[in-house]
Amino acid sequence: MAEVNSPVRVRYAPSPTGALHLGGARTALFNYLFARRRGGQFLLRIEDTDRARFKPGSQEQIEEGLRWLGTNWDETPLIQSERKAIYEKAAADLIASGAAYRCFCTPERLDQMRAEQRARHEPERYDRLCRAIPADESERRAAAGERFVVRQAMPLQGTTTLQDLVMGSVTFRNDTLDDHVLLKSDGFPTYHLAFAVDDHEMRISHIIRGDGWLPSAPKHLLLFQAFNWLPPAFAHLPLVLGPDKKPLAKRHGARDVLEYREAGYLPEAVDNFIAFLGWSPGTEEDILTMDQLIEKFSIDKIQASPAMANLERLDWLNGQFIRRLTADALAQRLAGRMPQVPVESLKPLMPLVQERLRTLNEAPEMLRFFFEEPDSYQPAQLIPKGRDAAATAMALTEAATTLRPLTSWTPETIEPALRGLAERLGWSSRDLFMGLRVAITGRTVTPPLIESISRLGKERVLARLERAGRTLAGPAPS
RNA sequence: GCCCCCAUCGUCUAGCGGCUAGGACACGGCCCUUUCAAGGCCGGAACGGCGGUUCGAUUCCGCCUGGGGGUACCA
C-alpha cells in the first residue's frame, strides 16, 4: 500500500465508448471529493486502448459532463493510445523478469480449449500451454514474426489478499487466477497492463473505481508486485442500479448526465443525488453543497452494498436546490430556456415560480401568460361550478370596472378591491378568483393570482378581463 | 460450472452488542390556502432464513436463500 502520508492523487479513467452516465459520474465525483478533501489532485485518463469500441466525440462528451457537474480535473488528461511504446517496453520487462510470457496460441485453439473446459464443467481459463516454452525459443519465434500476445504468469499456489478500503479484506486463491493477456497481438495493452503502468507513472495513491474490477484486483496487485512497484490503495465502489434494478452501466439507454442538464436539473442537485448513492455523511443532513460534500467526504463512509437510483428523490432535491438560489441566479439559469425574454424581465417574476419548480424546464410554461395572450378561453374552465355564463361574464366585467379606478397597482390595493367585489356579488372569493385566474392567465393552475395581476400590469389585466367577458357574453361558438 | 462481492422500510440511508430500530424520498390523512406548489403536523412501512458466540444480537461467526459482478487479444 502507498504511504498514508503520501500526497493524494486519484483519477477517473473512462474509456471513450459513449457518454458519461450516472454511475460513471458518481465514480468521478467520489474521486474528486476525496482528492479535494485531502488536498490532493484529481486526474483524468482516457483508456482508449480498444480501437474497436472507440467512439469519436466520446471524450469531449465525458469531459463536458464532468465540467457541468463541477468535477474539474487537474493536469492534462493522459491518453493511453499515445503511449503504446511505453506499454510494449513494460511488457518486455515483465517477460525478461519471468513475470510474463509470450503466448502463440491462435484464437481458434483458445475457443476449442474453452469449449472442452465447458464440456468438462471446468473453469474456463487459459491452460498455460505457452508458459512452458523456453525463453530462447520464444525469442526466436517472435523474431521470426509469429503473432503473439503477452500473458501474466500467475503464481501457481498460495493466496493473494487485497485490503480494500470499501469491501474490506478479500482473499483469492492464486490457482484460480487466469494468466490473462497483458499485451494484445496488435501491440496495444489490455486494461490490466495499461492501468498499472499509468497509475504508477501518474503516482496515483488511491484507485477508486467500480466494483466490476474487484475480481481482477488480485491480478492487479500481483502485477504491481511483478514490476516491483508499491501498489496504490484500492477502493471498489458498489455499483449503481437503475430503476429497473439493472446496473446502470449495462442498462440499455443509461442516460448521459448531459440529458439531465437538458431536462432542467441543476448540477448541484445531481451531485448531491449521486453522492448519496452508496455514501452518506453519517448524519441526518441530506442537502449538501459541493463544498459541504468535500468537507464531509470520507471513504470509510462508503457502503459496500449496491444502490438503486431513485429519480423521484432527484426531482425533490432539484426543487430544494432551486429554492436555495437567489432570484437573480434563478433568472440567469432560466435565461437560456426563455431566449425571447430579457433576463431583467425575468427577475421580478422569480418569487412567483421559485417555490413551485421542480425542474428548470417547468418555468417557461408557468410564466408564459406574462409574455403571451391566452390562446382562447374554454367556457367550462372560465365558469365556476354552479354559476352560469351570463353571471360569470358580468363578474368579469365588474372586476374590470372595480380595478380600473385604482390609482395604485399593487397587491395591497388589488386584493381588497377584489375581495370587496366578491362580497358585493355574493360569490366566494374562491369562485371569483378562479374565474379571474382563467380569464387573466388562460389556465387553471398558475402562480398566486393577486401577485400575478400586479406584475402583469393594469392595461393587460383589464384587456384580458374584457376579452374573457365578451367571450362568455357573445354567441356561443357552434 | 468456477471465482468474488452484497443483504435495515417500496427507494436512499443512520446504526458500528443493550435503541419504542432514527432521518429523507414516495405514499395516505390533517392544517395553511384564491389554483398549484412550498411549508407544518400526523400515519402506514424494514433488520431475508437457520444455526451458533454472548447475560443479551440488526450489529460478531457459519451455512442457506436471494441479488449482483467477473470469468475476452472489452474496459
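Here the structure is a predicted model, which is why all the values come from computation and not from measurement. A note on names: the letters A, B, ... follow the listed sequences, proteins ahead of strands, and every chain is numbered from 1. Hydrogens, waters and symmetry mates are skipped; everything else that's a heavy atom, side chains included, is used.
U65(B) and A7(B) make up a base pair, with Watson-Crick or G-U wobble contacts both under 3.5 Å. When both distances must be under 3.5 Å, the Watson-Crick or G-U wobble mate of C47(B) does not exist. In this structure, C60(B) forms a base pair with G52(B), meeting either the Watson-Crick or the G-U wobble geometry with both donor-acceptor distances under 3.5 Å. Remark: G1(B) base-pairs with U71(B); criterion is Watson-Crick or G-U wobble with both hydrogen-bond distances under 3.5 Å. Using N1 to N3 plus N6-O4 or O6-N4 for Watson-Crick, or N1-O2 and O6-N3 for G-U wobble, each under 3.5 Å, A38(B) pairs with nothing.
Heavy atoms of Arg323(A) sit under 4.0 angstrom from primed sugar atoms or phosphate atoms, though from no base atom. Contact annotation for Glu451(A): no contact, since no heavy-atom pair falls under 4.0 Å across all strands. Within the nucleic acid shown, Lys219(A) has no heavy atom closer than 4.0 Å to any nucleic acid atom. The residue Phe195(A) sits apart from the nucleic acid: no heavy atom pair falls under 4.0 Å. Contact annotation for Leu177(A): no contact, since no heavy-atom pair falls under 4.0 Å across all strands. Residue Pro107(A) is in base contact, counting any heavy-atom pair closer than 4.0 Å across all strands shown. As judged by a 4.0 angstrom heavy-atom cut-off over every strand, Pro238(A) is placed among residues making no nucleic acid contact. Contacts of Gln354(A) with the nucleic acid, taken as non-hydrogen atoms under 4.0 Å apart, are absent. The residue Pro448(A) sits close to a base: some heavy atom pair falls under 4.0 Å. Across all strands, Thr446(A) comes closer than 4.0 Å to base atoms (heavy-atom distances). Heavy atoms of Val170(A) sit under 4.0 angstrom from primed sugar atoms or phosphate atoms, though from no base atom. In this structure, Thr49(A) reaches the sugar-phosphate backbone alone: every heavy-atom distance under 4.0 Å involves primed, P, OP1 or OP2 atoms, never a base. No engagement by Pro411(A) is indicated, since no non-hydrogen atom pair under 4.0 Å with the nucleic acid exists.
Nearest to the side chain of Arg419(A), among U34(B), C73(B), G1(B), sits U34(B). Comparing G69(B), G39(B), A75(B) by their nearest atom to the side chain of Asp50(A) picks out A75(B). Side-chain proximity of Lys184(A) to the nucleotides U13(B), C74(B), G1(B) is greatest for C74(B). Proximity note for Leu277(A) (side chain, C-beta onward) versus A75(B), C12(B), C73(B): the nearest is C12(B). The nucleotide whose nearest atom lies closest to any side-chain atom of Tyr191(A) is, among U11(B), A75(B), G70(B), A75(B). The Lys301(A) side chain lies nearest to G15(B) when the options are C12(B), G15(B), A37(B). Side-chain proximity of Glu124(A) to C25(B), U34(B), A72(B): nearest is A72(B).
A cation-pi geometry, defined here as NZ or CZ lying under 6.0 Å from the six-membered ring centre and within 45° of its normal, holds between Arg26(A) and Phe30(A). Relative to the six-membered ring of Tyr101(A), Arg151(A) misses at least one condition, a distance below 6.0 Å or an angle of at most 45° to the axis.
For the pair Arg51(A) and C74(B), the criterion of a side-chain N or O lying under 4.0 Å from OP1 or OP2 is not met. Between Ser280(A) and the phosphate of A14(B), there is a side-chain N or O to OP1/OP2 separation shorter than 4.0 Å. For A38(B), the OP1/OP2 oxygens have a side-chain nitrogen or oxygen of Arg358(A) closer than 4.0 Å. OP1 and OP2 of C2(B) both lie 4.0 Å or more from every side-chain N or O belonging to Arg114(A). Distances shorter than 4.0 Å separate none of the side-chain N or O atoms of Lys55(A) from OP1 or OP2 on A75(B). Within the 4.0 Å cut-off from OP1 or OP2 of C74(B), not a single side-chain nitrogen or oxygen of Gln80(A) is found. Between Thr444(A) and C36(B) there is no side-chain polar atom (N or O) within less than 4.0 angstrom of OP1 or OP2.
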Inset, instruction - Assess whether side-chain hydrogen bond (donor to acceptor under 3.5 Å, both in side chains) is satisfied between Arg11(A) and Asn31(A), documenting all intermediate values. - result: CA-CA 6 Å; Arg11(A) 75 329 191 249; Asn31(A) 274 284; 6.0 Å; no
Inset, instruction - I would like to know whether Arg109(A) and Asp127(A) meet salt bridge (charged side-chain N to carboxylate O under 4.0 Å, His left out); could you show each step before the answer? - result: CA-CA 11 Å; Arg109(A) 188 185 105 72; Asp127(A) 60 7; 2.7 Å; yes
Inset, instruction - Evaluate the salt bridge (charged side-chain N to carboxylate O under 4.0 Å, His left out) criterion for residues Arg358(A) and Glu362(A): first the C-alpha distance (whole Å), next the side-chain angles of each, then the deciding distance (0.1 Å), finally the verdict. - result: CA-CA 7 Å; Arg358(A) 280 174 101 72; Glu362(A) 293 164 355; 5.8 Å; no
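Here the rule is side-chain hydrogen bond (donor to acceptor under 3.5 Å, both in side chains) with Asp179(A), and of Arg125(A), Arg131(A), Lys219(A) only Arg131(A) fits it. Of the candidates Leu449(A), Ile450(A), Val461(A), Leu382(A), Leu449(A) is the only one forming a side chain to side chain contact (heavy atoms under 4.5 Å, CB included) with Leu436(A).
Going from the C1' atom of C30(B) to that of A14(B) covers 29 Å, rounded to whole Å. For the C1' atoms, the distance from G43(B) to G23(B) is 16 Å, rounded to whole Å. As rounded to the nearest Å, G70(B) and U59(B) have C1' atoms that lie 30 Å from one another. Between the C1' atoms of U34(B) and A46(B), the separation comes to 42 Å (whole Å).
Side-chain atoms of Arg313(A) and base atoms of C12(B) include no donor and acceptor less than 3.5 Å apart. Judged by distance alone, with hydrogens and angles left aside, Thr176(A) brings no side-chain donor or acceptor close enough to the base of C3(B) to form a pair under 3.5 Å. Within 3.5 Å, no donor on the side chain of Arg430(A) pairs with an acceptor on the base of U34(B), nor the reverse.
Using a cutoff of 4.0 Å between basic side-chain nitrogens and carboxylate oxygens, Arg45(A) and Glu47(A) are scored as salt-bridged.
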